[in-house]
There are 2 protein chains.
Amino acid sequence: MEVRELRYFRAVADELNFSRAALRLGIAQPPLSRAIRQLERRVGVQLFVRDTRQVALTPAGHALLAETGRVFDAVSAAVHRTRRAGQTTPSVVVTAKAGVATELLRRVVRAYAEVPGAQAVEIVVSGYGEQTAMLRDGRADLALIGSPADHSGFDTEHLASEPRVAALPVGHELADRESLRCKDLIGQPMSQWPEASHADRVYWAGRDHDLPTGGPEIHDNSQLLENVALGQTVALIPRSLAEHTPRPDIVYRPVLDASPYTTVIAWPSGSTAPWIARFVQLACTQVVTTVIDGPSSP
Amino acid sequence: MEVRELRYFRAVADELNFSRAALRLGIAQPPLSRAIRQLERRVGVQLFVRDTRQVALTPAGHALLAETGRVFDAVSAAVHRTRRAGQTTPSVVVTAKAGVATELLRRVVRAYAEVPGAQAVEIVVSGYGEQTAMLRDGRADLALIGSPADHSGFDTEHLASEPRVAALPVGHELADRESLRCKDLIGQPMSQWPEASHADRVYWAGRDHDLPTGGPEIHDNSQLLENVALGQTVALIPRSLAEHTPRPDIVYRPVLDASPYTTVIAWPSGSTAPWIARFVQLACTQVVTTVIDGPSSP
DNA sequence: CTTGCTTATACCCTGGAGGTATGACGGATG
DNA sequence: CATCCGTCATACCTCCAGGGTATAAGCAAG
């Protein structure tokens with residue numbers, strides 16, 4: 001099976017229409033039909049049931065579609081990492097969400113620069129949920145990831161945990177309380193990241209608590225806080241974020257029984273590159289000196 | 001980048017010799033040289049430094065070689081799983097090492113058969129260390145794996161832990177002791193699985209204990225025990241294995257501070273197929289009733 | 001210098017990927 | 001019911017890239 005065939009397959013599986021898929025691929029429809037037929041012949045199973053009006057995936061087609069992502073990720077990871085390794089001064093790429101843990105990252109990078117023989121470090125700031133994608137497809141070598149992310153397929157090492165606070169608009173009914181509990185937030189509109197899976201939503205809200213969903217969807221921290229200030233939503237955020245973004249129109253209140261916000265450093269599982277081990281080790285020791293304090297979760 | 005190009009690259013990287021690589025690939029040498037050149041041109045980096053006498057990998061080549069395995073695994077997983085899904089009665093394939101945990105597996109399979117709408121279950125017995133390979137390349141959907149294995153890239157759920165015993169030949173100097181400790185075994189010839197990485201060896205011997213290596217290499221349990229009986233080696237094995245294979249020429253003695261032998265059920269990380277969740281859940285509940293008893297580790 | 005081993009170059013050939021034109025089918029529409 | 005439109009399949013052509021053979025070129029060893 002060749003990558004080109006898989007690209008064709010995925011286009012058809014996405015569009016469920018040979019003509020549109022061919023358009024998307026930039027080829028004509030007949031060669032696409034033929035390529036799919038040939039793929040079916042080679043693998044030995046039918047992937048689509050198609051009459052002249054309808055195209056649908058067979059169970060085998062569904063199975064193949066589920067696997068295509070891994071193949072594309074592996075291939076583009078190979079290309080990306082090879083290209084980077086081929087540069088005159090290869091650098092290690094670390095990605096992290098804006099805001100959270102950047103001061104930690106700066107410290108680690110400074111410390112890593114001291115290591116004899118260390119490459120340059122390139123820090124790429126990425127949007128919510130994009131860190132894992134960048135690790136998977138090879139745009140990054142290491143990532144700092146917050147707790148509600150999907151770590152599957154990565155090796156991780158725990159870096160820091162910090163308590164969460166609720167961000168409330170000034171004048172909110174809960175704003176005069178010193179601290180809150182998860183159950184206090186039930187019934188409140190609660191913002192969700194757009195890409196968050198169900199598991200993420202549960203986790204984000206604090207594991208095992210039946211916190212509400214359905215607030216407006218937001219894409220970054222400033223947008224989130226803007227929505228909070230406007231009274232559109234409330235939000236559970238890590239305490240450090242609250243400390244770095246004081247706003248006159250928002251109050252932050254600790255949520256005592258929310259699951260702590262944890263930051264992990266992640267890298268592609270099974271990587272044996274020695275500098276990954278060195279960087280991770282450095283990050284772990286740095287985090288000890290950086291002391292992200294706060295009461296430990298009960 | 002196409003899979004064919006990667007196959008060619010890997011052959012050359014393995015052989016470090018274009019002629020032999022071409023022979024292995026079943027093509028002539030000139031097309032292979034050209035294909036590699038074209039790959040280098042497409043990716044934009046040099047992969048090999050070659051004069052007329054020597055071929056060596058560049059740093060970029062090393063980086064690419066490290067990624068090829070993931071690509072091949074992903075591709076063959078796609079093919080295997082698609083083929084299986086295309087059969088008239090698709091079955092779920094579970095793999096496990098012979099001996100250990102087979103009674104558990106039988107119970108789970110019986111229970112799973114009761115589930116409405118459940119597929120047939122096919123059990124494949126595989127050699128040491130092969131379970132993970134089968135998961136990775138799609139020959140299996142689920143695997144029961146013993147503790148010294150490399151779980152990276154898989155999701156796992158803990159199933160059972162059991163203490164380890166040392167297998168000693170009758171008449172061995174330690175055979176008359178009721179129980180042992182790891183340090184008693186220092187200096188004994190200790191068998192290693194051939195594919196075991198360094199991490200595996202450490203783990204297998206009981207984490208953090210400086211147990212010896214260098215015994216004869218063995219490939220399955222019966223061969224291992226045969227070697228023990230012949231006085232060639234001693235072995236640390238899970239207790240259930242000892243109980244299922246009583247031998248007049250071998251005595252088993254508990255090793256109190258060896259790390260327990262744990263069995264986990266593993267599946268490709270990120271799989272969302274509902275039947276995986278159902279099977280795993282079933283396995284976890286079954287293991288509670290199967291009660292693999294024994295003293296918990298200190 | 002010759003021999004033997006390597007990779008690179010030159011050249012040819014063929015299979016298959018891609019294009020165009022068109023057929024066959026079925027739903028929508030009047 | 002007839003027409004039209006959108007769909008996938010078929011037929012046929014073109015052309016290039018992947019593969020083969022022959023051979024040059026480079027280097028080490030004898």
Side-chain angles (χ1 to χ4, degrees), chain A residues 1-58 60-62 64-65 68 71-72 75 78-79 86, chain B residues 1-58 60-62 64-65 68 71-72 75 78-79 86:
Chain A
M1 191 156 55
E2 290 299 319
V3 175
R4 184 183 55 85
E5 302 176 294
L6 269 188
R7 273 206 316 274
Y8 288 6
F9 167 77
R10 225 239 311 240
V12 176
D14 283 353
E15 302 281 348
L16 290 179
N17 179 315
F18 280 75
S19 308
R20 278 199 302 275
L23 203 64
R24 200 173 101 180
L25 293 165
I27 64 171
Q29 169 259 317
L32 177 58
S33 290
R34 200 180 45 191
I36 296 294
R37 218 159 259 294
Q38 178 177 340
L39 175 61
E40 290 178 323
R41 216 170 39 82
R42 283 227 265 257
V43 179
V45 298
Q46 194 173 357
L47 300 171
F48 299 100
V49 284
R50 38 205 188 280
D51 55 36
T52 55
R53 300 297 299 166
Q54 197 103 9
V55 175
L57 282 165
T58 61
H62 274 113
L64 183 54
L65 183 58
T68 52
V71 177
F72 295 139
V75 169
V79 173
Chain B
M1 191 155 55
E2 289 299 318
V3 174
R4 184 183 55 85
E5 301 176 294
L6 269 188
R7 272 204 318 273
Y8 288 6
F9 166 77
R10 223 234 320 234
V12 176
D14 284 352
E15 302 281 348
L16 289 180
N17 179 313
F18 280 75
S19 309
R20 278 200 302 275
L23 203 64
R24 199 174 101 181
L25 292 164
I27 65 171
Q29 169 259 317
L32 177 58
S33 291
R34 200 179 45 191
I36 297 294
R37 220 160 258 294
Q38 178 177 339
L39 175 61
E40 290 178 323
R41 215 170 40 81
R42 283 226 266 257
V43 179
V45 296
Q46 194 174 357
L47 300 171
F48 299 99
V49 283
R50 39 202 187 281
D51 56 36
T52 56
R53 301 294 300 166
Q54 197 104 7
V55 176
L57 282 165
T58 62
H62 274 113
L64 183 55
L65 182 58
T68 51
V71 176
F72 295 140
V75 169
V79 173

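Numbers restart at 1 for each chain; the letters A, B, ... are given by sequence-line order, proteins then strands.
- Rounded to an integer number of Å, the gap from R7(B) CZ to dG18(D) P is 13 Å.
- Of the inter-residue distances, the one linking R10(A) atom CZ with L65(A) atom CG reads 7.5 Å to the nearest 0.5 angstrom.
- Taking atom CZ of R34(B) as the reference point, atom C1' of dA17(D) lies 7 Å away to the nearest angstrom.
- Proximity note for Q38(B) (side chain, C-beta onward) versus dC12(D), dG18(D), dC8(D): the nearest is dG18(D).
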Sub-3.5 Å pairs of nitrogen or oxygen atoms, protein against nucleotides 22-25 of chain D:
none

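- Between L16(A) and E5(B), it is L16(A) whose nearest contact on DNA chain D lies nearer the 5' terminus.
- When rounded to the nearest whole Å, the span between CD1 of I27(B) and C1' of dG18(D) equals 9 Å.
- Between F48(A) and F9(A), the ring planes lie tilted relative to each other; the angle falls in the 30° to 60° range.
- The residue among N17(B) and A35(A) whose nearest nucleotide of DNA chain C lies closer to the 5′ end is N17(B).
- Residue E5(B) holds its CD atom at 4.0 Å from CZ of R42(B), rounded to the nearest 0.5 Å.
- Nucleotides of DNA chain C with any atom under 4.0 Å from a heavy atom of chain A span, from 5' to 3', dA17(C) to dG27(C).
- R53(A) comes within 4.0 angstrom of a nucleotide base, judged by non-hydrogen atoms across all strands.
- Looking at every heavy atom in both residues, A78(A) comes nearest to M1(B) through CB-CE, 3.6 Å.
- Nucleotide dG6(D) holds its P atom 14 Å from the CG atom of L23(A), rounded to whole Å.
- Using a 4.5 Å heavy-atom cutoff, the side chains of V3(A) and L6(B) are not in contact.
- Between L32(A) atom CG and dT7(D) atom P there is a gap of 13 Å when expressed in whole angstrom units.
- Atom CG in L32(B) sits 7.5 Å away from atom CD in Q29(B) (nearest 0.5 Å).
- A straight line from CZ of R50(B) to C1' of dC27(D) spans 17 Å, rounded to a whole angstrom.
- In this structure, CZ in F18(A) is found 5.5 Å from CD1 in I36(A), a value given to the nearest 0.5 Å.
- With salt bridges taken as basic N to acidic carboxylate O contacts below 4.0 Å, none links R4(B) and E2(A).
- To the nearest 0.5 Å, the span separating CG on L57(A) from CG on L47(A) amounts to 8.0 Å.
- Both A28(A) and D51(A) lie near DNA chain C, and the one whose nearest nucleotide falls closer to the 5' end is A28(A).
- For E40(A) and dC8(D), the CD to P distance is 13 Å, given to the nearest whole Å.
- No engagement by F48(A) is indicated, since no non-hydrogen atom pair under 4.0 Å with the nucleic acid exists.
- Nucleic acid contact for S19(B): base, since at least one base atom lies under 4.0 Å from a heavy atom of the residue.
- For residues 46-58 of chain B, the pairs satisfying side-chain hydrogen bond (donor to acceptor under 3.5 Å, both in side chains) are E40(B)-R50(B), with sequence neighbours left out.
- One interatomic measurement links the two molecules: CD of E2(A) to P of dA17(D), which rounds to 16 Å at whole-angstrom precision.
- Note on R4(B): only backbone sugar-phosphate atoms sit closer than 4.0 angstrom, heavy atoms only; bases stay farther off.
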